[in-house]
Amino acid sequence: MKSRKQQLDVQTSRSYFMQSFYFEPMSQSEKHVFQAEIQQLLDLVIHSLYTDREIFVRELISNAADACEKLRYLQTSGQPVLQPDVAPVIQIQTDEAAGTVTLSDTGIGMSRAELVENLGTIAHSGTKAFVKQLAEAKQGQASLIGQFGVGFYSAFMAARKVSVVSRSASPDGTASEWVSEGAGGYELRDNDSTQRGTRITLELKDDAKHFSKESELERIIKRYSSFVPVPIELNGRRLNTLQALWTRSKSEIKDEEYNEFYQYIGHDHQPPLLRLHFNADAPLSIQSLLFVPQSNIETMGLGRVESEVNLYCKKVLIQSKAKHLLPEWLRFLKGVVDSEDLPLNISRETMQDSALMQKLNKVLASRFLKHLDETSEKDPSTYEKFYSEHGRFLKEGVITDFSHREALSRLLRFASSSLDAGKKTSFADYVKRMPADQKEIYCLLAPSREAALASPHFEVFAARKYEVLFLHEPIDEFVVEHLGSFEGKDLKLAEKASLDLADSPASTLSEEQSAGLSSWIKATFGDRVNEVRVSKRLVGSPAVALDSDPYMTSSMRRLMRASRKDGDSEVGSPRCDFEINPAHDLVSRLENLRHKDAALAAKVAEQLYDNARAAAGLLEDPRELLKRSNELLAELLASKQS
Ligand code: ADP
Ligand code: MG
């Protein structure tokens, strides 16, 4: 190490010359001025390209890792290198008292000429040239991170002065030092280092001194560089022991390794429920490892989860919890996506609307949906678990994301009148079971299976032996509405289905009597009912109330009521259609009664109407119903006692 005084005192070639005269009499100093446009570019890098200053650590480590990778390439291609037995390593030293950070690597290093070429020219990327050479030589492959030739300059976001001492791996070279304060230019001088590789010392700016804190640097290194394939040591301590599992071949990875990896990156004490290890080369390079957790706090009603899929480029973190990498409705996923096509130095803001992100998003979502589909075929019980925990996200996808609606609709599962309690069916299987004369897919909204089976709306389907899907969650109605149809078959809510019983049950009332009763009820109720008619869909229920607005459903009404704010005017009960079942004992007795005791008959009819509306969720205010019900009970008791 050079003396601290010497490190600090290289402002001018004159003072440097004085220094070097005393400390390194043999060294030669040259002052270089940056190209005219370079200062502008430097300003751009420092002030706008990166949003987080801490990213300079990532960039310098990436360069060091690249340098080690290049060395490995030289060695494997049989070329002689300086200190061939020195292993690749990146060593970082913090000195809080001096306010410095030093990064050393045992990589390929740079000659004096290379220092000038690689660090003296912004937007010239030595790495890029190296890759080009490689491609032309078609020899082997080195996984190199930086390709854009600006990463190194991010050091000036945090440092007021940067010193780079480097010695090339070529056995006959010597070491040189490159020093710059960003503005103006840089100085070059000889250095007597005998070590292969590069040592970069940052003298931190006053407002960036915290980067010389060990704990702070440890946090940053772990955040961005945990999976860098070269050992990283901070003040002598190894930091990165994890493998970038996603870059390894699937066949080599054991389940335990996947689980351990998931538990680390997902901060979960349980193994994942599902995983997808997916790699592609075209049209995009993608290496991804996606996990579905066992449980989801959003499903438990504990707030909204945030996607925990991190975006990497060649094992280096670009963006953690990458917002636009996957559709919103896939936010329950955790994992890693690595794409070599991503520019490493891109900042968060420009990342978001990049066309590349959109492509990644599309490919990943489609592939994940395919994986779910395959899982549902091959491993139904796991899929069932997945669906009961995360199914709501698929439903959200159907409603909010047109581009994946079709694929999502195949993954939905619903309870059904044809299945045992607790079992669920897909639309596809439902369609397979449809009898030839059935044209539509029927869905019944009900909070529970019992409620669905007891609903008057279910009767006509039971009688015709048509299967009905039971939709138990409020969101299901919107799902059905957004889908509209499945494989060309319309999805129809039971309450809106215009379906008649094949043969009406025997009624004690004649057609005239039924019609007479209907018109009498209408005349008695007046405006409180929209239409009264003889039902063709009821079997065991005396009557049913239906929303007379063809576009309104009972659950939409419930939502409207739930979303009413203080001070809004009362919603009031909607106008309903009222259907009566002449085959029901209560209705035929009512027809008889109205000729003898019209007042009591009117009261019973009102009660029947209110009961039906209450059952259908169409009665806003039950006070009348309760009052009348008590009066009827009183009359009943009085009649028994007289
Ligand atoms: P990029 O990494 O995108 O090429 P940088 O600005 O980060 O651009 O680095 C510029 C060049 O400087 C690199 O391409 C590489 O040739 C050289 N370089 C930077 N750091 C090192 C290092 N630690 N060892 C060897 N060469 C380096
Ligand atoms: Mg770089």
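Note that the coordinates shown come from a computational prediction; the quantities given were computed from them, not determined experimentally. As a basis for the values below, the full set of heavy atoms in this structure was taken, side chains included, without hydrogen atoms, waters or symmetry mates. All ligand and atom numbering here is 1-based and tracks the order in the structure.
- Checking only distances, Thr198 does come within under 3.5 Å of ligand 1, N or O to N or O.
- Annotation: Ala67 places no N or O atom under 3.5 Å from an N or O atom of ligand 1; distance criterion only.
- Judged by distance alone, the side chains of Ser166 and Thr198 do bring a donor and an acceptor atom under 3.5 Å apart.
- Two rings, from Phe261 and Tyr258, have their centers 6.0 Å or more apart.
- Note on Asn63: counted as a metal contact of the Mg ion (ligand 2), an N/O/S atom lying under 2.8 Å.
- With sequence neighbours left out, the side-chain contact (heavy atoms from CB on, under 4.5 Å) criterion links Ser366 to His404.
- Residues Leu356 and Asp341 have side chains in contact (heavy-atom distance under 4.5 Å, counting atoms from C-beta outward).
- With sequence neighbours left out, Thr400 forms a side-chain contact (heavy atoms from CB on, under 4.5 Å) with Trp329, Glu396.
- Assignment of Glu59 to the shell around ligand 1 is not supported, since no heavy atom sits closer than 4.0 Å.
- For the residues Asn63, Ile90, Ile200, Leu103, the heavy atom positioned nearest atom 7 (O) of ligand 1 is part of Asn63.
- Under a 4.0 Å N-O distance rule, the pair Glu406/Arg410 qualifies as a salt bridge.
- Side-chain atoms of Tyr224 and Glu54 include a donor-acceptor pair closer than 3.5 Å.
- Close contacts of ligand 1 with Phe152, meaning ligand atoms under 4.0 Å from a residue heavy atom, involve 5 (P), 6 (O), 7 (O), 9 (O).
- Close contacts between ligand 1 and Leu119 involve ligand atoms 12 (O) [criterion: under 4.0 Å to a heavy atom].
- Looking at Asp105 next to ligand 1, an N or O pair under 3.5 Å apart turns up.
- If you number the atoms of ligand 1 from 1 as listed, the ones under 4.0 Å from a heavy atom of Lys70 come out as 15 (C), 16 (O).
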